[in-house]
Amino acid sequence: MLGLGIESTAHTFSCAIIEKKGKKGKILSDIRKIYRPAEGEGIHPREASRHHIENSSSVLSECLIEANTTIKDLDLISYAAGPGLGPCLRVGAVVARSLASFYKIPIYPVNHAIGHIDLGKLLTGATNPLVLLVSGGHTMLLAFLNKQWRVFGETLDITLGQLLDQFGRSIGFASPCGKSIEELASTSSNYIMLPYSVKGNDVSFSGLLSATKSVVKQSKVDACYSLQETAFAMISEVVERALSFTCKKELMIVGGVAANKRLSEMLQAVCKRHRCKFFTVPIQYAGDCGSQICWTGLLESQVKQGALLKDTLVIQSWRLDSVKVDY
Ligand code: AMP
Ligand code: MG
């Protein structure tokens, strides 16, 4: 089976082609163009969607060329139908729908967050993990039970990615800022006390964001270091509690923030205490990409027919725990 996956939920427009043989998947191409707002500014949905429209045809043709294939060879097309920014989501949906209807190829609307998890499992080999999904759009701790991902804990306000990006922008970095903050943080070991807010299995980051902005004048590097240490310790606490409670023997971290080495280091220490295997998605596939959407589309095609065109809309706030996973 040959699938094309289209991602356009937020900053990234990406197309990827995966060949599926049995349970194995081989990524033949994964091309991305990322919308970069001006320094200090966040994503402007209309500007991002314009970026996606302008880049969609070149990303698609580069993706087909790199995979050495043509649209007619595709067995299915999947696109990220949500959650995400409406104007951005609609670009991917329109491209997918146009190709599917013109070439008569089955089409699969895919939940973006489930795409992160499914590709993570394919690339790491984790089989039944506790999942930590940390990205621009999500901060969730998940376990799979009875055909659904169940939310064990999540953020009560902003996500971990938003915390890093909003703080980074306030000190003049261009979004996304996680990597720049990680680099600055690695040059300090001076901890400034910041608010730590874990509520049950949930976390809250907005107070931490305001407090970190107010300590920047003491030292930018110490602020970055202290922000990471505090936020990652909060995440580690809820992960540790979830491991005790669920007795899972695997932890898998996915989403753009999974690229952070300090976060991995702290979670590895938690896993060691619980004799649990630690998996992190390869950095190249941590952030949003077409491969995530493509692989979930291919998995869904094992148990479902393609969608009717009238059902290929977008759902901006589509929670992953509302999706039945039958494959
Ligand atoms: P996604 O929404 O999955 O594409 O992830 C994007 C988020 O990942 C943004 O908030 C980035 O700031 C964050 N990110 C990317 N690289 C890193 C890193 N090395 N450390 C922390 N956060 C990161
Ligand atoms: Mg994402």
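What you see is a predicted model, and the numbers here were worked out from it, not measured in a lab. Just so you know, ligand 1 is whichever comes first in the structure, and atom 1 is the first atom listed for that ligand.
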Which is it for S175 and ligand 1 at heavy atoms under 4.0 Å: side chain, backbone, both or neither?
neither
Not counting sequence neighbours, list each pair that qualifies as a side chain to side chain donor-acceptor pair (under 3.5 Å) and has a residue in residues 76-87.
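Counting only pairs at least two positions apart or across chains, no side chain to side chain donor-acceptor pair (under 3.5 Å) contact touches residues 76-87.
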Residues pairing under side chain to side chain donor-acceptor pair (under 3.5 Å) where one sits in residues 242-257, two or more places apart or in two chains, turn out to be T127-E250, N128-K248
Around atom CG of D311, are there more than 12 heavy atoms of other residues, nucleotides or ligands at under 6.0 Å?
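Count over threshold, so yes.
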Distance-minimising heavy-atom pair for [X] and [Y]:
| X | Y | answer |
| --- | --- | --- |
| Q292 | A286 | NE2-O, 3.9 Å |
| K213 | Q166 | CE-O, 4.3 Å |
| I6 | C15 | CG1-SG, 4.2 Å |

Between [Y] and [X], is there a side-chain donor-acceptor contact under 3.5 Å, judged purely by atom types and distance?
| X | Y | answer |
| --- | --- | --- |
| E7 | H112 | yes |
| S301 | Y327 | no |
| D157 | S206 | yes |

Near [X], which atoms of ligand 1 are under 4.0 Å from a heavy atom of that residue?
| X | value |
| --- | --- |
| L164 | 21 (C), 22 (N) |
| H116 | 3 (O) |
| H11 | 2 (O), 4 (O) |
| C177 | 12 (O) |
| G161 | 10 (O) |
| G136 | 1 (P), 2 (O), 5 (O), 6 (C), 7 (C) |
| E182 | 18 (C), 19 (N), 20 (N) |
| D165 | 9 (C), 10 (O), 11 (C), 12 (O) |

Between [Y] and [X], does any NZ, NE, NH1 or NH2 come within less than 4.0 Å of an OD or OE carboxylate oxygen?
| X | Y | result |
| --- | --- | --- |
| E54 | R50 | no |
| E237 | R241 | yes |
| R319 | D321 | yes |

Just to verify, what does D30 make a salt bridge (Lys or Arg N to Asp or Glu O under 4.0 Å) with, not counting sequence neighbours?
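Testing D30 for salt bridge (Lys or Arg N to Asp or Glu O under 4.0 Å), a comparison that skips the adjacent residues, returns R32.
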Which residue and atom name correspond to the protein heavy atom nearest [atom], and how close is it?
| atom | answer |
| --- | --- |
| atom 11 (C) of ligand 1 | P176 CB, 3.6 Å |
| atom 20 (N) of ligand 1 | N260 ND2, 3.1 Å |
| atom 4 (O) of ligand 1 | D288 N, 3.0 Å |

Polar atom proximity, Q162 to ligand 1 (N or O, under 3.5 Å):
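There is no such contact.
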Cut-off under 2.8 Å, centre the Mg ion (ligand 2), protein N/O/S atoms:
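Listed by chain and number, the nearby protein N, O or S atoms are H112 NE2, H116 NE2, D288 OD1.
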Report the member of G256, S135, G178, S264 with the shortest heavy-atom distance to atom 15 (C) of ligand 1.
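Shortest heavy-atom distance from atom 15 (C) of ligand 1: G256.
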